[in-house]
Amino acid sequence: DLWKEGKTQLTDGEERGKNLFENKLGCADCHSGSLFTSGELANNGFTSESDSDQGRYRITAKEEDKGTFKIPSLRNVAITGPYMHDGSLQSLDEVLSHYEAPANRSGIDPRVRNISLSKSERKYLIEFLHALTDTTFRNRKI
C-alpha cells in the first residue's frame with residue numbers, strides 16, 4: 001500500500017518482479033486490484049496425488065467445473081503458506097514451479113500460461129510477491 005500511495009518505492013528487484021507479474025507473465029489477468037485477485041473462479045491446472053477435492057464441481061456437478069477454485073488474494077502471500085487449495089505446496093518457489101508446467105491441462109483457464117523464468121527473474125518475482133506483505137499489523141497493539 002505504501003508504494004501504491006507513493007510513500008515508498010519498490011526496490012529495483014521488486015520493480016522488475018512487478019513488471020514480470022503484470023506484463024511478461026500475465027499474472028495480473030487473475031491477480032489484480034487492491035487485493036490482487038479478480039475474485040473469480042478458475043482452473044489453474046493444479047492437481048496433487050492426494051487431491052480428492054474437485055473444486056466447484058462438488059457443488060454444480062458440471063464437468064467444466066472440475067478443478068475450479070476461487071482465485072486467491074496475493075495480499076500477504078509471502079506469509080500465508082502453505083499454498084494451493086490443498087496446502088500441498090510449501091513455498092512460493094514451488095508455486096512458480098507449478099506454473100512452469102501445470103500438471104493438468106484439462107479444463108485449465110486460458111489465462112493460465114506455462115511460464116518460463118530465468119533464475120534472476122524467479123528471484124525478482126518472489127521479491128515482488130514479498131512486497132505485497134503488510135508488516136504494520138505486526139506492530140499493532142490489540
Side-chain angles (χ1 to χ4, degrees), residues 1-140:
D1 290 334
L2 294 176
W3 57 267
K4 280 190 161 192
E5 294 171 3
K7 295 179 180 175
T8 188
Q9 292 185 2
L10 294 174
T11 66
D12 181 57
E14 291 166 345
E15 189 65 48
R16 288 175 187 227
K18 179 177 177 273
N19 188 41
L20 288 165
F21 181 89
E22 293 178 343
N23 300 312
K24 178 182 178 182
L25 304 175
C27 305
D29 292 348
C30 296
H31 297 283
S32 58
S34 61
L35 295 178
F36 292 89
T37 180
S38 64
E40 299 171 300
L41 298 166
N43 179 335
N44 70 351
F46 182 79
T47 57
S48 66
E49 289 180 22
S50 63
D51 199 358
S52 61
D53 189 345
Q54 296 188 356
R56 186 149 176 85
Y57 175 80
R58 293 184 320 165
I59 298 167
T60 66
K62 293 180 181 176
E63 194 66 28
E64 65 266 20
D65 286 339
K66 281 187 176 176
T68 300
F69 295 88
K70 184 175 179 190
I71 297 169
S73 169
L74 295 185
R75 294 292 292 222
N76 295 316
V77 70
I79 58 173
T80 55
Y83 305 101
M84 299 305 192
H85 67 274
D86 66 350
S88 64
L89 301 185
Q90 301 303 309
S91 69
L92 293 173
D93 197 57
E94 288 180 11
V95 172
L96 295 182
S97 291
H98 159 70
Y99 286 105
E100 287 179 334
N104 177 14
R105 298 299 304 177
S106 176
I108 197 168
D109 190 288
R111 296 172 291 185
V112 176
R113 305 175 237 164
N114 286 14
I115 65 172
S116 178
L117 294 170
S118 69
K119 189 174 182 179
S120 60
E121 286 175 324
R122 183 180 280 256
K123 177 182 163 286
Y124 296 143
L125 182 56
I126 290 174
E127 284 181 35
F128 172 67
L129 294 173
H130 277 263
L132 304 180
T133 302
D134 176 8
T135 58
T136 62
F137 74 92
R138 293 181 185 169
N139 299 325
R140 293 184 192 151

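Predicted, not measured: the structure shown is a model, and the values here were computed from it.
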For [X], does the [atom1] atom sit with more than 12 other heavy atoms under 6.0 Å from it, leaving out its own atoms?
| X | atom1 | answer |
| --- | --- | --- |
| K7 | NZ | no |
| E5 | CD | yes |
| K24 | NZ | yes |

Candidate pair L117 and L25, rule side chain to side chain contact (heavy atoms under 4.5 Å, CB included), full reasoning | CA-CA 9 Å; L117 294 170; L25 304 175; 3.9 Å; yes

How close do [X] and [Y] get, counting heavy atoms only, and between which atoms?
| X | Y | value |
| --- | --- | --- |
| R122 | D93 | NH1-OD1, 2.6 Å |
| G87 | P82 | O-CB, 3.2 Å |
| Q54 | F69 | C-CZ, 4.2 Å |
| L89 | V95 | CD1-CA, 3.9 Å |
| S88 | D86 | OG-OD1, 2.8 Å |
| D109 | A42 | OD2-CB, 3.7 Å |

Pairwise side-chain contact, [X] with [Y], heavy-atom cut-off 4.5 Å (strictly under):
| X | Y | result |
| --- | --- | --- |
| H31 | I71 | yes |
| W3 | L132 | yes |
| R56 | I59 | yes |
| R16 | D12 | yes |
| Y99 | N44 | yes |

Rounded distance [0.5 Å steps], [atom1] in [X] versus [atom2] in [Y]:
| X | Y | atom1 | atom2 | result |
| --- | --- | --- | --- | --- |
| S118 | L20 | OG | CG | 8.0 Å |
| N19 | E14 | CG | CD | 14.0 Å |
| I115 | S97 | CD1 | OG | 8.5 Å |
| I126 | L96 | CD1 | CG | 5.0 Å |
| C27 | R111 | SG | CZ | 12.0 Å |
| L74 | T80 | CG | OG1 | 8.5 Å |

Output yes when a side-chain donor or acceptor of [X] lies under 3.5 Å from a complementary backbone atom of [Y], and no otherwise.
| X | Y | answer |
| --- | --- | --- |
| Y83 | V77 | yes |
| S32 | D29 | no |
| T68 | L41 | no |
| N76 | D134 | yes |
| R75 | S34 | yes |

| task | On the 0 to 90° scale, with breaks at 30° and 60°, tag the F128-F21 ring pair as parallel, tilted or perpendicular. | result |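 The rings of F128 and F21 sit tilted, inter-plane angle from 30° to 60°.
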
- Query: Are K123 and E127 close enough for a salt bridge, meaning some N to O gap below 4.0 Å?
  - Reply: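 Yes, charged N to carboxylate O under 4.0 Å.
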
